[in-house]
Trainee: 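Take a look at the following structure, please.
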Amino acid sequence: MRLTDFWTRLEETFGPGYAASIASDQVLPELGGRTVEQALSSGEQTHVVWRAVVAAYPDRVPARLC
């Protein structure tokens, strides 16, 4: 998954303002206690980070984006 696709999915799921907050403020256990931004900046693959988001917010992410 390209980085632009990742951000598009995140913004589609949470809205532009809240997506930024999710990415910078929410520590996800699935990412080893890192935020989305920390995981991406440390080189984690986007599809791994997206799967962590889906796992953390299963009721929020539309099925077509899983």
Side-chain angles (χ1 to χ4, degrees):
M1 170 187 312
R2 295 183 325 201
L3 189 56
T4 55
D5 295 332
F6 173 85
W7 288 110
T8 298
R9 287 178 182 211
L10 197 67
E11 288 183 1
E12 186 175 334
T13 300
F14 297 102
Y18 193 47
S21 176
I22 292 289
S24 64
D25 300 332
Q26 298 298 314
V27 173
L28 301 180
E30 296 84 355
L31 296 175
R34 298 177 290 174
T35 67
V36 166
E37 288 181 350
Q38 290 170 332
L40 292 172
S41 69
S42 70
E44 193 69 63
Q45 295 181 3
T46 53
H47 71 275
V48 171
V49 178
W50 180 250
R51 278 187 266 172
V53 171
V54 172
Y57 300 96
D59 297 333
R60 187 76 187 250
V61 179
R64 63 183 173 72
L65 295 179
C66 292

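We number each residue from 1, following the sequence as shown.
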Trainee: Find out if a path of hydrophobic residues (ILVMFWY) with successive side-chain heavy-atom gaps under 4.5 Å connects Val54 to Tyr18.
Mentor: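 As far as the 4.5 Å side-chain criterion goes, Tyr18 and Val54 are connected within one cluster.
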Trainee: Please report the shortest heavy-atom distance between Gly33 and Gln38, naming the atom on each side.
Mentor: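 Of all heavy-atom pairs spanning Gly33 and Gln38, the closest is O-OE1, 4.4 Å.
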Trainee: Before giving the answer on side-chain hydrogen bond (donor to acceptor under 3.5 Å, both in side chains), spell out for Thr46 and Arg2 the whole-Å C-alpha distance, their side-chain angles and the decisive distance to 0.1 Å.
Mentor: CA-CA 7 Å; Thr46 53; Arg2 295 183 325 201; over 6 Å; no
Trainee: Which heavy atom of Val48 sits nearest to which heavy atom of Glu44, and what is that distance?
Mentor: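 Closest heavy-atom pair between Val48 and Glu44: CG1-OE2, 3.4 Å.
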Trainee: Leu28 and Tyr57: which non-hydrogen atoms are nearest, and at how many Å?
Mentor: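 Here Leu28 and Tyr57 meet closest at CD2-CE1, 4.3 Å.
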Trainee: For residues Val53 and Phe14, determine if any side-chain heavy atom of one lies less than 4.5 Å from a side-chain heavy atom of the other.
Mentor: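 Contact flag for Val53/Phe14 side chains = yes.
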Trainee: Mind listing the closest non-hydrogen atom pair of Arg34 and Ala39 along with its distance?
Mentor: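 It is NH1-CA, 3.8 Å.
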Trainee: Can you check side chain to side chain contact (heavy atoms under 4.5 Å, CB included) on Gln45 and Phe6, steps first, answer last?
Mentor: CA-CA 10 Å; Gln45 295 181 3; Phe6 173 85; over 6 Å; no
Trainee: I need the Arg51 CZ to Leu31 CG distance, nearest 0.5 Å.
Mentor: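 Output value for this atom pair is 11.0 Å.
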Trainee: Answer yes if Leu40 and Met1 sit in the same cluster of Ile, Leu, Val, Met, Phe, Trp and Tyr residues linked by side chain heavy atoms under 4.5 Å apart, and no otherwise.
Mentor: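 Same cluster.
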Trainee: Identify the heavy atoms of Thr35 and Ala23 that sit nearest to each other, and give their distance.
Mentor: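 Smallest heavy-atom distance, with atoms named: CB-O, 3.4 Å.
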Trainee: Do you know the tightest heavy-atom contact between Trp50 and Thr13?
Mentor: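 For Trp50 versus Thr13, the nearest heavy atoms are CH2-OG1, 3.7 Å.
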